[in-house]
Amino acid sequence: MHLLIDDVQLWDGTGSPAQPKMSVEVRDGRIRWIGSASQWQGNRATVRVVDGRARTLIPGLMDCHVHYSSPGGPEWIARFTDPLPEISMRAIELAEASLRSGVTTARDVGAPQGVSIRLARTARTGEIRAPNIRAAGTWIAHRGTYVSFARQFGEADELRDAIRTEIEAGVDLIKVALAGWNEGARPKDAPDIPFDKKLLAVAVEEAHKAGFKIACHANDPTSCRIAAHAGVDSLEHGMFLEAADLAAMEKNKTYLVPTMSVWDAMLYYARAVDWPETRKKRAEDLRQGSRAAVAAAIKAGVRIALGTDAGGGAARHGRIAREAELMVECGMEPRDALIAATSSAASLIGEAERGTITEGKIADLVLLDANPLVNIGALRVIAAVFREGQRVA
Ligand SMILES: [Zn+2]
């Protein structure tokens, strides 16, 4: 496809100010030319012209934390254990919903039975309408903690084996989950978090040695302490991060992927589905905690990449705009929230050919009917989505 997005306000994702009256030419999936609309030399009769007037063009959005195997909603954990055919079919639908909301690249950071690996591969072939997906395969967690459908280990050797097994299965990154003991699973005298500093160091070493990035789930105070200092590539959630943790993350170049949508959605369901008081209280506390952590992370200069945790918590798919709005509510400039969702996310994921609108890069683009630099809610008014130069929404 050969197209010209004509006479548009261009925000290229690099952090430079938006430029008015620009045109972007796309051919064979790549950005071929960028310049002032009046300077374009081609023949309008031979290209598909997309009207960009009073619109803003931004790089395709990246969601660094999704789970396409679950739809989210009030019973999200149970949905991960639905029959495999149902999970597989649903994952295709949810990935498409995500794409239509402007997400052209997504990291699927945990799915039962490697569903996400197959989904990512199928997306790559172009057989389904889906974002470019980077899959973590199955979560890796210590036995007796976290969810029953994670890949579980007890000792360091087993942990190394688990990581190698995931790599052999074809993952794009490794996802580990630090968590406390499940009810009744805690052995006598065991520490709060059995996936401790030493074991996490083993995981980081094993993943990095093989050339893979490692994402670490941490959503309790002790796990946040451990994960922030471990040199993981990204810390997911992180509602209990404190000043010393944030300083360590800044030093280690560890990204924070805050997933605030989850607590926002939890609070909604707590009221809508009438959860017990204790669960409502927890939803409120986590929401407050995440807001405080993000505000402090911004001040501390920690790199932030956007992730919704759609499917992995109560948050549903296709609502990336909400996460960006929450970031702005926590004190981020709209521009920085957009960077978290584009070039910063691309650096975390390792997508050198995506994340900015630059000549030669892959043409993943979102056209908006309003200006997100003025009002981040403009991410909700999508005029068009292009993935690899093809219009997909
Ligand atoms: Zn998650």
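For the single chain, residues carry numbers from 1 onward in sequence order. In this text the structure is predicted, and so the values were computed from the model without any measurement. Side-chain atoms are counted along with the backbone in the values below, which use heavy atoms only and exclude waters and symmetry mates. Each ligand, and each atom within it, is numbered from 1 in the order the structure gives.
- Donor-acceptor pairing under 3.5 Å is lacking for the side chains of Thr122 and Glu127.
- For residue His67, an N/O/S atom approaches the Zn ion (ligand 1) to within less than 2.8 Å.
- Between the Zn ion (ligand 1) and the N, O or S atoms of Asp309, the shortest distance is to OD1.
- Partner of Asp172 under the salt bridge (Lys or Arg N to Asp or Glu O under 4.0 Å) criterion, out of Arg124, Arg107, Arg121: Arg124 alone.
- Residue side and main chain included, His237 places no N/O/S atom under 2.8 Å of the Zn ion (ligand 1).
- Note on residues 191-229: pairs passing ring pair (Phe, Tyr, Trp, His ring centres under 6.0 Å), not counting sequence neighbours, are Tyr146-His217, Phe153-Phe195, His217-His237.
- Annotation: cation-pi geometry satisfied between Arg279 and Trp275 (NZ/CZ under 6.0 angstrom from ring centroid, within 45° of ring axis).
- When distances to the Zn ion (ligand 1) are checked against a cut-off of 2.8 Å, Glu236 contributes no N, O or S atom below that limit.
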